[in-house]
Amino acid sequence: MSAPTSDVTVRFCPSPTGIPHVGMIRTALFNWAQARHTGGTFVFRIEDTDAARDSEESYAAIVESLRWLGIDWDEGIEVGGSHGPYRQSQRSEIYADVIERLRAGGYVYPSFSTPEEIEARNLAAGRPPQMGYDNAERDLTPEQAQIYREQGREPVWRLRMPDEDLTFTDLIRGEVTFKAGSVPDYVVVRADGKPLYTLVNPVDDALMGVTQVLRGEDLLSSTPRQIALYRALVELGIADRVPEFGHMPLVRGEGNKKLSKRDPESNLFHHRERGFIPEGLLNYLALLGWAIGPDRDVFTMPELIAAFDIRDVNPNPAQFDLAKAEAINAQHIRLLAPADFRARLVPYLPGLLSADTYEALTNRERAILDAAAPLVQERMVLLGEAPGMLGFLLVPDAELVVEEDARGTLKEGAADVLDAAIAALTDVDEFTTASISSALRLAIVDGLGIKPRLAFGPLRVAVSGRRVSPPLFESMEILGRDSTLARLAALRTTL
């Protein structure tokens, strides 16, 4: 990370409640890209004031997800900085001081009304009961407040909303106006004195110097509340500005519904387990509301950084298309350097290899991967396909399982093909791809008169146990003469 070259400061501030999902990561990605593009600062903090829902497991998972994806941050948890602590649960003294200053300045006032009383007042005034709070206690006298307290009531504290229209320019959506009176005075402090998210989030942004708040459009309705609080913080000297806001489009799943945290497609680690690589997944997530150019979907993270501007994000909802995501991932797999691709296969071959890193493998295992990885790099969509594509090269001959759909492709004459192949390969001098190909074509295509596209199916089934495999002759060379002949003979005995 290089030193910031602009005053742009953005932040990513998730709550540790559950597994990281693609909408959360898209938010982190766009904030990160904006910071890197502008030469600004990317702050990563954790909003963990909900003890009933927050968990350390979720916190660790969020950090792990960013580390895996390569999204780094300049300031925040595990990195430090001049505005810590970076977990809300550790900032209670800071919030208490701000609350006291807001009270002293008259920006917040005590509210004793129960939900039932608020509803009754709305009904009495001919308003829908769900209209919410009616600002009835703005002008409570100290004597009236004392009467409530003598009744055993403890107030919540509400921020006074301005009496005029509130307009701001959204970095993505343009000018947005909330009419005067459309947003009631809202609670910032509970009756027990603890601050709510509605207070601590803007306070943290203010104290951490955030200049651009980039978040999901589901939070747009809370923006006038935050702007009103920012104005109070500026007047109190706590903040030096009201930040700019940009509200990113929602990510939708099947049926054009908002992508739910319960949808498997929303689970970041589900995609990692299936074999998405960071480059491919980040590329696709960047397309959920943004484009690098017409008719271009594949790009690197340096290219994203060079081109990204939050103002270019499309405000319309973005559709999560798994097929497109996989296609982009496949293209990024092809872009990997051969040695990099080979190393990334290893964690996806559990139980088939002796270690989970390439360097720790046996010489024989490394030799197999060295030879086999180039055969599948152009064919693979997800790294999770590795066991199916390469597993047959790593299992002992006696443990190879011939899949039923592969066995079902064997036609009359398969035994003759296997017999001819065994005879031909037994006499091959050098067991190389070229000599294997030459000997088998001579024995089966020429000798048995079988068309080339049909000639080698039984051999593929015998060697790989599958109907589809990497190139056959190259696979035989990797296995070696003894294993190849053993597998051909094993299938032959079942026919």
Side-chain angles (χ1 to χ4, degrees), residues 95 97-148 153-171 173-191 195-207 210-213 215 217-247:
Y95 305 138
D97 176 66
V98 172
I99 291 168
E100 189 52 44
R101 293 169 70 177
L102 287 169
R103 286 172 176 165
Y107 296 98
V108 297
Y109 62 88
S111 170
F112 296 86
S113 295
T114 66
E116 294 76 17
E117 289 170 340
I118 295 170
E119 182 176 313
R121 288 201 299 267
N122 284 331
L123 287 171
R127 296 187 297 265
Q130 65 271 22
M131 280 289 289
Y133 185 64
D134 55 359
N135 298 355
E137 296 158 293
R138 275 189 165 193
D139 300 315
L140 274 184
T141 64
E143 292 76 21
Q144 290 172 316
Q146 182 59 33
I147 292 172
Y148 280 124
R153 299 196 194 193
E154 288 298 327
V156 298
W157 290 78
R158 296 180 182 272
L159 184 83
R160 297 178 189 273
M161 290 296 293
D163 293 324
E164 68 273 3
D165 292 354
L166 200 156
T167 298
F168 68 98
T169 301
D170 192 290
L171 293 169
R173 297 165 190 278
E175 187 173 287
V176 178
T177 296
F178 288 84
K179 291 294 184 181
S182 63
V183 181
D185 298 346
Y186 67 101
V187 179
V188 292
V189 183
R190 296 185 180 94
L196 287 167
Y197 168 87
T198 49
L199 182 134
V200 298
N201 177 275
V203 167
D204 285 347
D205 286 345
L207 296 178
V210 172
T211 63
Q212 295 180 345
V213 175
R215 56 190 191 163
E217 70 168 304
D218 53 325
L219 297 172
L220 177 59
S221 62
S222 71
T223 303
R225 299 177 177 183
Q226 295 210 344
I227 291 176
L229 179 54
Y230 271 115
R231 290 177 178 175
L233 296 176
V234 170
E235 290 178 9
L236 288 170
I238 296 170
D240 60 8
R241 72 178 86 189
V242 177
E244 298 178 288
F245 285 82
H247 291 90

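Computed from heavy atoms alone, side chains included, the values below leave out hydrogens, waters and symmetry copies.
Residues that satisfy the side-chain hydrogen bond (donor to acceptor under 3.5 Å, both in side chains) test with Thr169, not counting sequence neighbours, are absent from this structure. Residues passing the side-chain hydrogen bond (donor to acceptor under 3.5 Å, both in side chains) test with Asp240: none are found, sequence neighbours excluded. Partners of Asp139 by salt bridge (charged side-chain N to carboxylate O under 4.0 Å, His left out), not counting sequence neighbours: none found. For Glu244, the side-chain hydrogen bond (donor to acceptor under 3.5 Å, both in side chains) test picks out Gln212, with sequence neighbours left out. For Arg160, the salt bridge (charged side-chain N to carboxylate O under 4.0 Å, His left out) test picks out no residue, with sequence neighbours left out. Scored by the side-chain hydrogen bond (donor to acceptor under 3.5 Å, both in side chains) test, Arg190 finds no partners at all (sequence neighbours excluded). Applying the salt bridge (charged side-chain N to carboxylate O under 4.0 Å, His left out) rule to Glu154 yields no partners; only residues at least two apart in sequence or on another chain are considered. Every residue was checked against the salt bridge (charged side-chain N to carboxylate O under 4.0 Å, His left out) condition with Asp170, not counting sequence neighbours, and none meets it.
Pairs passing the salt bridge (Lys or Arg N to Asp or Glu O under 4.0 Å) check and including a residue from residues 102-116, sequence neighbours excluded, read Glu100-Arg103. Screening residues 110-140 for ring-ring contact (aromatic ring centres under 6.0 Å, His included), with sequence neighbours left out, gives Phe112-Tyr148. Residue pairs that meet the ring-ring contact (aromatic ring centres under 6.0 Å, His included) test with at least one member in residues 219-240, sequence neighbours left out, do not exist here.
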Please tabulate, for side-chain N and O atoms in residues 220-228, each donor-acceptor pair with protein atoms closer than 3.5 Å (sequence neighbours left out).
unit_1: Ser222; atom_1: OG; unit_2: Arg215; atom_2: NH2; d: 3.3
unit_1: Ser222; atom_1: OG; unit_2: Leu219; atom_2: O; d: 2.7
unit_1: Thr223; atom_1: OG1; unit_2: Arg215; atom_2: NH2; d: 2.8
unit_1: Thr223; atom_1: OG1; unit_2: Leu220; atom_2: O; d: 3.0
unit_1: Thr223; atom_1: OG1; unit_2: His247; atom_2: NE2; d: 2.9
unit_1: Gln226; atom_1: NE2; unit_2: Asn201; atom_2: OD1; d: 3.2

